[in-house]
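Counting from 1, the numbers follow the sequence of the chain as shown.
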Amino acid sequence: MPFSFRRLILGSPLRSERAGHERLPILLALPIFASDALSSVAYATDAILTQLQALQVRQDLYRIALPISIGIIMLIGMVVVSYWQVIFAYPEGGGSYVVARRNLGLRFGLIAASSLLVDYVLTVAVSVADGISQSFSALHQFHNLGEKLEPYRVLICVAIVLLITLANLRGVRESGALFAGPSYGFIVLIFILIAFGVYRHLVEGHPLQSVAMAQDPLAAKPLNLWVLMKGFASGCAALTGIEAVSNGVQAFKKPEARNASLTLGILGCILAVMFIGITYLATVFQIRPSEHDTVVAQIARASFGTQGTLGILFYAVQIFTTLILLLAANTAFAGFPRLASILAEDGFLPRQLAALGDRLAFNNGILVLAALAIGFLVAFKGVSQALLPLYTVGVFIAFTSAQAGMVRKSWALPTKPWLSLGVNFAGALVTLVVLGVVVSGKFWVQRELFGLSWLHEGAWMSLALMWAIYLLFKAIGTHYKHVEDQLAEIPVGFEHTLKHTVIVLVPSRIHRGIITALNYARSISPDAIAVHIAFDPSKEARLREAWEEHGGETTLIILHSPYRTLIDPLMQYLDAADRVRKDDIITVILPEFVPARWWHNFLHNAHGWLLRIRLYYRRDVIITSVRYYLDR
């Protein structure tokens, strides 16, 4: 990519000392870190009602949906309080990974990290896919436009991921400014929706339009503890995204911990009010989930109608709900690269993921996340329902690990903070139970993938992917440990002067590049050797004549290659030189010319880089390229 075009797309590079200025105030941090959690309002109540809609007694659905939501609100409070403590205890960021590693051990820390990375990837894929589904549903009313766009679903999903990626590559402040409007617009509209809905119920006593749907008598089942637990576990999708603030503490302006904790508190309060408000209206309006009409859409229709001035608010709610679902992916783009950078600094991911780009963003982590999310969207054809069974498992593993780690940390203190310890213990216990229900309820789901009907989806797939990433962490950590151990070893006799053999590779004729390489070789060693690999014996006499004139005192050795290969004779000669001369190092000098135009490279042999590849892994061989430049 040309430099000017790159700057046009990504913006001018920022100096390192600008890092402090590029950090986020609370006003911009909230839309970046909260969009995932807030977007769950669009589907968490749906998830509860979907689990309960087949109950034998219809009133049971509305009688227990609100208590379930209140229980989830209490769990949100526990998780927020727990991560509030995490932020102040570990202001360097890292969230569940850091807490689990330092208090429960490396194994639990890496398990928490693998679960979070998987969940971040699925957050992008699910949010984008569901946002597209929401927009297609709305567009069905306009000449079936949504149905016409259906063949391009995957392409549109990929394009949106690329746009979000581009925004994040430009830096956190610019992405925060870009996403602030849709996020705050969604918050305001949902609060207006709740206010109008409550007015319709308390003052007018009925919704503006009837939206309740009939029960399917064939699917009726009794109310029992398992149904309640599955409804509670499904509604816990409202908790996804809360942990992102604790992972990205270092993205906040100073004082980082204070600003991050305030953002987390504001997020928790807004999420609780919006979630309970939507569930309350769903129960009083007796709304049932529909495949083609979301709960939020039905509540908006019941509160505003679809005609007149208030009808504009109905469409505004639909538009901003779609936008917040699409932008929920941005929370993962804030959390994944920062967590990956911490893991890279600890030696469990490639070091490149710890590097800040020229816009002070973790470019490599952003690109890796985008590539993985696009892979999931392509594999699952951009269908959110196909991706949902993989979702939420990782986040509850992270919740349980973080809260269990905080329990261990509090218990180790000389003076026990009993209130914090109790909250964290209760939170760990509840999230562990929810994790068990989610895993058992979503372990096997049969769907079609790549044209085949497999038991390919479900929690088992998420768990298998997390386990694979955990093993990757261990392998990378072991490699870096071996590297550090070997680099720390000082060889015996390191202070003695090295002896080495210098070999110059020469072609079939002598030219100025060869003379330059020979002069360089003689400056290193007075007894340098020139080696030529001969394919055509008829050219040997001409080369020797030229060597008598220009080679000086340097010895020329000609190796015949009857099979016209350059590599094998050279390797055999290096083996012989190593045995005979027994020097410490062999230096191989490669004379190479650089064409005046880049496309001229296609007109010449590529022997130089082929030799470098073959010699690269040969011990005690130094490869030196002596370049000479052509003018035209």
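The closest donor-acceptor contact from the side chain of Ser246 to the backbone of Glu243 lies under 3.5 Å. The backbone N or O of Lys253 sits less than 3.5 Å from a side-chain atom of Asn259, completing a donor-acceptor pair. With hydrogens and angles ignored, the 3.5 Å screen pairs a side-chain donor or acceptor of Ser114 with a backbone N or O of Ile111. Looking at Ser40, its side chain does come within 3.5 Å of a backbone N or O of Ala238 through a donor-acceptor pair. One N or O on the side chain of Tyr480 and one on the backbone of Arg351 form a donor-acceptor pair closer than 3.5 Å. Judged by distance alone, with hydrogens and angles left aside, the side-chain atoms of Gln403 form a donor-acceptor pair with the main-chain N or O of Gly427 at under 3.5 Å. The backbone N or O of Val407 lies less than 3.5 Å from no partner atom in the side chain of Ser410, so there is not a single donor-acceptor pair. Without hydrogens or angle criteria, Asp119 side chain to Ser115 main chain gives no donor-acceptor distance under 3.5 Å. Judged by distance alone, the side chain of Thr240 and the main-chain N or O of Ala237 form a donor-acceptor pair under 3.5 Å. Under a 3.5 Å cut-off, the side chain of Asn103 and the backbone N or O of Arg408 do not form any donor-acceptor pair.
Within the model, atoms CG of Leu369 and CG of Asn168 stand 8.5 Å from one another, a figure rounded to the nearest 0.5 Å. Distance check, rounded to the nearest 0.5 Å: CD1 of Ile26 to CG of Leu264 gives 11.0 Å. Separating the CD1 atom in Ile76 from the CD1 atom in Ile242 is a distance of 5.0 Å, to the nearest 0.5 Å. Rounding to the nearest 0.5 Å gives a distance of 8.0 Å between CZ of Phe362 and CD1 of Ile342. Taking CD1 of Ile287 as the reference point, atom OG1 of Thr45 lies at 10.0 Å (rounded to 0.5 Å). For the atom pair CD1 (Ile87) and OG (Ser261), the distance works out to 6.0 Å, reported to the nearest 0.5 Å.
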Steps toward side-chain contact (heavy atoms from CB on, under 4.5 Å) verdict (Leu435, Thr431): CA-CA 6 Å; Leu435 174 63; Thr431 53; over 6 Å; no
CA sep, side-chain torsions, deciding dist, call: Leu30, Ile270, side-chain contact (heavy atoms from CB on, under 4.5 Å): CA-CA 11 Å; Leu30 190 62; Ile270 293 174; 4.3 Å; yes
Verdict with supporting geometry, Ser341 and Leu353, side-chain contact (heavy atoms from CB on, under 4.5 Å): CA-CA 5 Å; Ser341 72; Leu353 293 174; 5.7 Å; no
From CA spacing to verdict: side-chain contact (heavy atoms from CB on, under 4.5 Å), Leu465, Val121: CA-CA 11 Å; Leu465 186 56; Val121 174; over 6 Å; no
Phe252 and Phe33: CA distance, side-chain angles, deciding distance, ring-ring contact (aromatic ring centres under 6.0 Å, His included) verdict: CA-CA 11 Å; Phe252 288 81; Phe33 289 103; 5.3 Å; yes
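Residues Ile476 and Leu349 come closest through the heavy atom pair CG2-N, 3.8 Å. Taking all atoms of both residues into account, the shortest heavy-atom contact from Phe348 to Gly477 is CD2-CA, 4.0 Å. Annotation for Leu27 and Tyr184: closest pair O-OH, 2.6 Å, computed over non-hydrogen atoms. Minimum interatomic distance between Leu116 and Ser96 (heavy atoms only, all atoms of both residues): CD1-CB, 4.0 Å. Closest non-hydrogen pair, Ala125 versus Phe376, comes out as CB-CB, 4.1 Å. Between Gly71 and Phe232, the closest heavy-atom pair is C-CE1, 3.6 Å.
Using a 4.5 Å heavy-atom threshold, the side chains of Cys236 and Ile72 count as touching. For the pair Ser82 and Val423, the minimum side-chain heavy-atom distance is 4.5 Å or more. Side-chain contact between Val99 and Leu104 is absent, with no heavy atoms from C-beta onward closer than 4.5 Å. Between Met274 and Phe186 the shortest side-chain heavy-atom distance falls below 4.5 Å. Tyr90 has its side chain within reach of Lys409: a pair of non-hydrogen atoms, C-beta onward, lies under 4.5 Å apart. Side-chain contact between Thr123 and Phe336 is absent, with no heavy atoms from C-beta onward closer than 4.5 Å. Using a 4.5 Å heavy-atom cutoff, the side chains of Leu117 and Leu372 are not in contact. Annotation: side chain of Asp346 is in contact with side chain of Tyr97 (closest heavy-atom distance under 4.5 Å).
Around CZ of Phe108, the count of heavy atoms belonging to other residues, nucleotides or ligands within 6.0 Å does not exceed 12.
Taking the six-membered ring where tryptophan is involved, the planes of Phe396 and Phe399 are perpendicular, since the angle between them exceeds 60° and thus also 30°.
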Sequence neighbours excluded and cut-off under 3.5 Å, please list the side-chain donor-acceptor pairs for residues 413-421, or say none.
from	atom 1	to	atom 2	distance (Å)
Lys416	NZ	Trp411	O	3.4
Lys416	NZ	Leu413	O	3.2
Ser420	OG	Gln85	OE1	3.4

